[in-house]
Asker: 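Please read through the structure below; I'll follow up with questions.
Numbered from 1 within each chain, the chains take letters A, B, ... in sequence-line order. What you are looking at is a predicted structure, and each value in this text was computed from that prediction instead of being measured.
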Amino acid sequence: MNHTIRATWAQCKSEMLRTARNKRFVVFSVFMPIAFFFIFTGTMNTDVTVDGVDWIPYYLMSMTAYGVIGASLTSFAPRIAKERAQGWIRLLRITPLPSGSYVLSKIAAQAAINIVIIVLVFVVAGVSKGIDLPVSVWVESGLWIWLGGFAFMALATLVGSMRNADAVQVLSMILYLGMSVMGGLWMPTSTFPHVMQEIAKWLPTYRVGQGAWNLVGGGHPDWTGFGILAAYALIFVIISSYIMKKQEAV
Amino acid sequence: MNPVIELERVSKVYKGKKAVDQLSLRVPKGSVFALLGPNGAGKTTTVSMILGLLQPTDGKVRLLGGDPRDAGVRKRIGAMLQEVSVIDNLKVSETIELFRSYYDKPLPLDYLLKVSALEAERGKMASSLSGGQQRRLGFALALAGDPEVLFLDEPTVGMDVTSRQLFWDTVRSMANRGKTIVLTTHYLEEADGIADRIVVIDMGRVVADGTPSEIKARTAGRIISFTAGERTSDEELRAIPGVTGLSRSGRRVKLTSDDTDRLIAELINRRIDMRDIEIGGGGLEDAFQALVRKAE
């Protein structure tokens, strides 16, 4: 047992190292959100409020969520697909590492990476803009985005279960950009036509943002948002584990 | 003594096609066992079933007396599989260290780097290695847990001559230390150099089983090759007494026979239209091809 923990930890460390070395990850999850934040808070009138929330903290939350979601979809999903396509998983199946440990270490590593993204974006973007929020709000909004990240890890696992690794790359990029725009992470949904606003309410991207927006506006995340994110996570996990079981049972 | 690997009338059907057909095998502890056959003979399917990566459609597979999917069994085996790439963004030494962490009593990193001749590449990203180097990394990973049973599925594909030499030397020293080695290859020569038992399979069935010298004795035929005249048909040639096999590429015909001296006389007697005649001992490869063809 002790040994399995050691192996899982080694696996976890390797996963984190690999993510940190992945240029795609660094660009999409760290540089782009921070760059977007400075562009859109620098060029726009900073006195604007969105649903009563100041624009700068509002957009900081949007971009942090955008970075965390990007980490799952632009590096986590393609990596899962690639490891399956290139036979790596087949090789792991004959080692004593339990398949549960493999999955667990991947999720744990990604969760740790997500914390790093959140802290990095908060510190670099938020502090440099002099955003003044109570410590509890920083912690709670960061925690909310971090929790929301799990729904996207589940989505990444589902997308990554497709057989064609190149298609996974393309599909996850489409999902990432499409859902981020439609969920109001780039531009607030209040600037959208009514129909688009209604659609956005059902998107996990919007729900991750909304909880954090509420927090920085002095409110609380609502349970509907939590429920929707949890439901998405559950559905993605169920479908992807069904697909993977089916693919393995040959 | 209990065999390390036991297959009892194992079959595997893929999409209505029998890849492995009623195969029974017993591999005793400490032996070097080669599964030999042409591409598509069912070697990899057989190894995959022994490793628990594929489930047999029919029959029973036991590895080290248990189910290959048990963690207790997986601790004691190592494998070099085909078509396994390396993981990206990890260095050679990091990849080996990761694999070492899976096992209770791993072999030392320096030893693994040495036997895979990757000492100079230890700090390189695994994904930047050449194809042959990646194969050698696969070998280091297979050895990481100091396995009792080592599976090598077409191990030397992509390796250069010097790597092959070191590779076989290492495998031989493993065998001398009492490890059981299961090897698949489509080169009889490779199997001949190391195996103490060869099972030849084709179309999922055993066509020959014995020590390398027994297999070679069975395949000891000689070859007459020539460019045949246009009107010479395969049927006509096959009907000649002493012809045990025939293959043709374009007009060039290769006849195998147990007695080429008699056969050449017979061919001339029958006024077969032949040009550029060559008579040869027939390399191991030709002999092996003949063996497989005979089974068909």
Asker: Can you name the closest pair of heavy atoms from R21(A) and N89(B) and give their distance?
Answerer: NH1-O, 3.0 Å
Asker: Measure D70(B) against the heavy atoms of chain A and call it side chain, backbone, both or neither at under 4.5 Å.
Answerer: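 Neither part; nothing is under 4.5 Å.
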Asker: Given 3.5 Å as the limit, does a donor-acceptor pair link the side chain of R18(A) with the main chain of L90(B), or not?
Answerer: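 Looks like no, no N/O pair under 3.5 Å.
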Asker: Quick check: are there more than 12 heavy atoms from other residues, nucleotides or ligands sitting under 6.0 Å from CZ of R9(B)?
Answerer: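 12 or below, so no.
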Asker: Could you pull out the closest heavy-atom pair between L91(A) and A79(B), with the gap in Å?
Answerer: CD1-O, 3.7 Å
Asker: State, with a plain yes or no, whether a side-chain heavy atom of Y103(B) is found less than 4.5 Å away from one of P96(A).
Answerer: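 Yes, at least one pair of side-chain atoms sits under 4.5 Å.
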Asker: Under a 3.5 Å distance rule, please check whether R6(A) uses its side chain to pair with a backbone N or O of S101(B) as donor and acceptor.
Answerer: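 Side chain of R6(A) to backbone of S101(B): no pair is present.
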Asker: Between G78(B) and I94(A), which heavy-atom pair has the shortest distance, and what is it?
Answerer: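 Scanning both residues, the minimum pair turns out to be C-CD1, 4.4 Å.
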Asker: Would you please indicate yes or no on a ring centroid separation below 6.0 angstrom for F99(B) and W88(A)?
Answerer: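 Between W88(A) and F99(B), the centre distance is under 6.0 Å.
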Asker: Does a side-chain heavy-atom distance below 4.5 Å link E83(B) with Q86(A)?
Answerer: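 SC-SC contact between E83(B) and Q86(A) ruled out.
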Asker: Grab the two heavy atoms, one from R90(A) and one from V84(B), that are nearest each other, plus how far apart they are.
Answerer: NH2-CG2, 4.1 Å
Asker: What side-chain donor-acceptor pairs closer than 3.5 Å can you find for residues 109-118 of chain B, not counting sequence neighbours?
Answerer:
{"from": "D110(B)", "atom 1": "OD1", "to": "R122(B)", "atom 2": "NH1", "distance (Å)": "3.3"}
{"from": "S116(B)", "atom 1": "OG", "to": "L112(B)", "atom 2": "O", "distance (Å)": "2.7"}
{"from": "S116(B)", "atom 1": "OG", "to": "L113(B)", "atom 2": "O", "distance (Å)": "3.4"}

Asker: Is chain A contacted by the side chain of M80(B), its backbone, both, or neither, given a heavy-atom distance below 4.5 Å?
Answerer: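 Contact with chain A involves no heavy atom of M80(B) at all.
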Asker: Given heavy-atom pairs under 4.5 angstrom as the criterion, report whether the side chain, backbone, both or neither of E97(B) touches chain A.
Answerer: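 Neither; nothing under 4.5 Å.
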Asker: Looking at every non-hydrogen atom in both residues, tell me the closest pair between R74(B) and L97(A) and how far apart they are.
Answerer: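 Distance-wise, the nearest heavy atoms are NH2-O, 3.9 Å.
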Asker: Quick check: are there more than 12 heavy atoms from other residues, nucleotides or ligands sitting under 6.0 Å from CZ of F226(A)?
Answerer: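 No, not enclosed.
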Asker: Does a salt bridge link K13(A) with E94(B), judged by any charged N lying under 4.0 Å from a carboxylate O?
Answerer: no
Asker: What part of T95(B) is in contact with chain A, defined as an atom under 4.5 angstrom from a non-hydrogen atom: side chain, backbone, both or neither?
Answerer: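 When you check distances to chain A, only side chain atoms of T95(B) fall under 4.5 Å.
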Asker: For atom CZ of R93(A), decide whether the heavy atoms of other residues, nucleotides or ligands shown that lie under 6.0 angstrom number more than 12.
Answerer: yes
Asker: Could you please state which residues from residues 130-154 of chain B sit under 4.5 angstrom from chain A, measuring non-hydrogen atom to non-hydrogen atom, sorted by number, or 'none'?
Answerer: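 When heavy atoms of chain A are the reference, residues 130-154 of chain B contributes L141(B) within the under-4.5 Å range.
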Asker: Once rounded to the nearest 0.5 Å, what's the spacing between atom OG1 of T95(A) and atom CD1 of I77(B)?
Answerer: 9.0 Å
Asker: Most heavy-atom pairs under 4.5 angstrom with chain B, which of S14(A), A10(A), A20(A), A85(A)?
Answerer: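 Among S14(A), A10(A), A20(A), A85(A), the one with the most close pairs to chain B is S14(A).
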Asker: So for Q11(A), is it side chain, backbone, both, or neither that comes closer than 4.5 Å to the heavy atoms of chain B?
Answerer: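 Both backbone and side chain of Q11(A) come within 4.5 Å of chain B.
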Asker: Determine which pairs satisfy salt bridge (charged side-chain N to carboxylate O under 4.0 Å, His left out) with at least one residue from residues 62-81 of chain A, sequence neighbours left out, and list them in order.
Answerer: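 Sorted pair list: E15(A)-R79(A).
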Asker: Measuring from atom OG1 of T8(A) to atom OH of Y102(B), what distance do you get when rounded to the nearest 0.5 angstrom?
Answerer: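 Interatomic distance, T8(A) OG1 to Y102(B) OH, rounded to 0.5 Å: 9.5 Å.
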Asker: Please output the side-chain donor-acceptor pairs of residues 65-75 of chain A that fall under 3.5 Å, not counting sequence neighbours, one pair per line with the distance.
Answerer:
{"from": "T74(A)", "atom 1": "OG1", "to": "G70(A)", "atom 2": "O", "distance (Å)": "2.6"}
{"from": "S75(A)", "atom 1": "OG", "to": "A71(A)", "atom 2": "O", "distance (Å)": "2.9"}

Asker: Does atom NZ of K75(B) have more than 12 heavy-atom neighbours from other groups under 6.0 Å away?
Answerer: no
